[in-house]
Amino acid sequence: MKVVVAGGSGALGRRLCTDLVERGHDVVVLSRSPRPGPVRQVAWDGVTVGPWAAELAGAAVVNLAGLLVDRRPTAANTALLTSSRVQPTLALRAAAAQLDEPVPVWLQASTAAVHGDAGETLVDEDTPPADGPPQMAGVARAWEDAAVGAHAVRQVVLRTSVVFDRHTPALDRLVLLTRLGLGGRIASGRQWTSWLHVEDWLAIARWCLGVDELAAPPPEGVLLATSPDPVRNAELMATLRAVLHRPAAPPTPELLVRVGAVLLRTDPGLALTGRRAVSRRLADAGFEFRHPDLHEALTDLLRSPSP
């Protein structure tokens, strides 16, 4: 399969491109700054249709384009995060609309944070998106809406939970805090964390693209990419301490999280909110997770050599 990837320079994008190339697929990355490498890169500006559009003919489209959400929750940052997702999506849609034939599959990235701070609600694919907060649900809804009506035979909106992988911000910050003796629960510790090992995310993405077969046909519509076992923050931190052989640690009060977020220029909501998400569609399709257990997943990532 030929696969055109927007956002191929991000953590998940690099992983997906490498995975597909190693399996013999033809991968093209749309990049604002193309450079030589194992994956062919084609220049685009992420806003306008240009010569890059010819690459879409007969190709699957993977849209991962967007800035990291790890920034202060201001109106300006929300607008920046939104435009960094919506503009590339609209450019891809416009390019696909010019094709004689629709692209075979459009894999549209999104996030489980579209459900906001869901509290104790058990979230699945039938749960409607939340109204806020703007930097979580608002950005995600705009991203998904921008892809509606794309010229594609099949479109999947992949709402991904927190993906754990080596040397990525989501895991590195937690590991650092734990090793510094700050690995206790955050605030009440009752907020839910929906998580996923990167190898399972890659397998889900391949199924969405149709290059991995399951008993069920490739999906269409909304799909949650998340492990079958979400955990509360207190359990997440306790598991990290166990894997890293660290002793018990005092909790981090909410006020300290909010102050620290200002100093680190990040969003305290990333630590203080959560959602309990489980994919009904993956279960119905008989998808087999390689790393369904949090302790085993973290052990695999933190005690194994980097890829």
Side-chain angles (χ1 to χ4, degrees), residues 12 62-64 66 69 85 105-148 150 152 154-164 170 190-210 212-236 239 269-294 296-297:
L12 288 179
V62 178
N63 181 21
L64 301 169
V69 298
R85 285 160 173 75
V105 55
W106 182 301
L107 180 54
Q108 173 65 36
S110 185
T111 168
V114 74
H115 298 291
D117 187 10
E120 295 301 308
T121 301
L122 183 61
V123 170
D124 67 12
E125 285 86 357
D126 292 330
T127 306
D131 293 328
Q135 192 153 311
M136 292 183 183
V139 171
R141 291 181 69 164
W143 200 9
E144 294 184 10
D145 290 346
V148 172
R154 181 170 57 87
Q155 186 179 70
V156 185
V157 177
L158 192 61
R159 292 176 177 170
T160 299
S161 62
V162 178
V163 177
F164 288 141
R190 293 187 56 79
Q191 62 272 36
W192 287 97
T193 299
S194 296
W195 62 275
L196 188 66
H197 189 293
V198 67
E199 289 182 1
D200 285 319
W201 184 86
L202 291 170
I204 292 168
R206 292 194 301 269
W207 179 49
C208 292
L209 291 171
D212 271 9
E213 293 186 0
L214 298 180
E220 187 170 4
V222 173
L223 179 68
L224 270 167
T226 189
S227 80
D229 187 26
V231 297
R232 295 191 189 273
N233 172 264
E235 182 179 348
L236 169 63
T239 305
L270 297 174
L272 297 174
T273 65
R275 57 218 57 89
R276 185 187 178 198
V278 175
S279 175
R280 172 185 48 79
R281 298 190 68 185
L282 287 176
D284 290 347
F287 181 85
E288 295 185 8
F289 290 86
R290 292 189 60 182
H291 304 279
D293 177 76
L294 179 63
E296 184 279 329

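Using a 4.0 Å cut-off between charged side-chain N and carboxylate O, Asp284 and Arg280 make a salt bridge. Arg290 and Glu199 are joined by a salt bridge, as a carboxylate oxygen and a charged side-chain nitrogen come within less than 4.0 angstrom of each other. Salt bridge status for Arg281 with Glu220: absent, with no side-chain N to carboxylate O gap under 4.0 Å.
Heavy atoms of other residues, nucleotides or ligands lying less than 6.0 angstrom from CD of Glu120 number more than 12.
Here the closest heavy-atom approach between residue Asp200 and residue Phe287 is recorded as O-CZ, 4.0 Å. The nearest pair of heavy atoms linking Leu107 to Leu158 is CD1-CB, 4.0 Å. Residue Ser279 comes nearest to Glu125 through the heavy atom pair OG-OE2, 2.6 Å, listed as atom of the first residue, atom of the second, then distance. Minimum heavy-atom separation, Gly116 to Ala130: N-CB, 3.9 Å. Between Arg159 and Thr127, the closest heavy-atom pair is NH1-O, 4.0 Å. The shortest non-hydrogen separation linking Pro228 to Pro292 is CG-CB, 4.1 Å.
Taking the six-membered ring for Trp and thresholds of 30 and 60 degrees, Phe164 and Trp195 have nearly parallel ring planes, at less than 30 degrees apart.
Remark: His197 engages His291 in a ring-ring contact (aromatic ring centres under 6.0 Å, His included) (not counting sequence neighbours). Partners of Asn63 according to the side-chain hydrogen bond (donor to acceptor under 3.5 Å, both in side chains) rule, which considers only residues two or more places apart in sequence or in another chain, are Thr89, Gln108. Contacts of Arg190 classified as side-chain hydrogen bond (donor to acceptor under 3.5 Å, both in side chains), with partners at least two apart in sequence or in another chain: none.
Within the 4.5 Å cutoff, no side-chain heavy atoms of Leu282 are placed close to those of Leu224. Side-chain contact check for Cys208 versus Leu223: some heavy-atom pair is nearer than 4.5 Å.
Between the CD1 atom in Ile204 and the CG atom in Asp212 there is a gap of 11.0 Å [rounded to 0.5 Å]. With values rounded to the nearest 0.5 angstrom, Arg206 atom CZ is found 10.0 Å from Leu214 atom CG. Summarising the geometry, atom CH2 belonging to Trp143 is positioned 6.5 Å from atom CG belonging to Leu64; distances are rounded to the nearest 0.5 Å. Distance check, rounded to the nearest 0.5 Å: OG1 of Thr111 to CD of Glu144 gives 9.0 Å. For the atom pair CZ (Arg276) and CZ (Arg232), the distance works out to 7.0 Å, reported to the nearest 0.5 Å. To the nearest 0.5 angstrom, Trp201 atom CH2 is 6.5 Å from Thr160 atom OG1.
No donor-acceptor contact under 3.5 angstrom links the side chains of Thr273 and Gln191, judged on distance only.
A donor-acceptor pair is defined here as one N or O able to donate and one able to accept, closer than 3.5 Å; no such pair exists between the side chain of Arg141 and the backbone of Val114.
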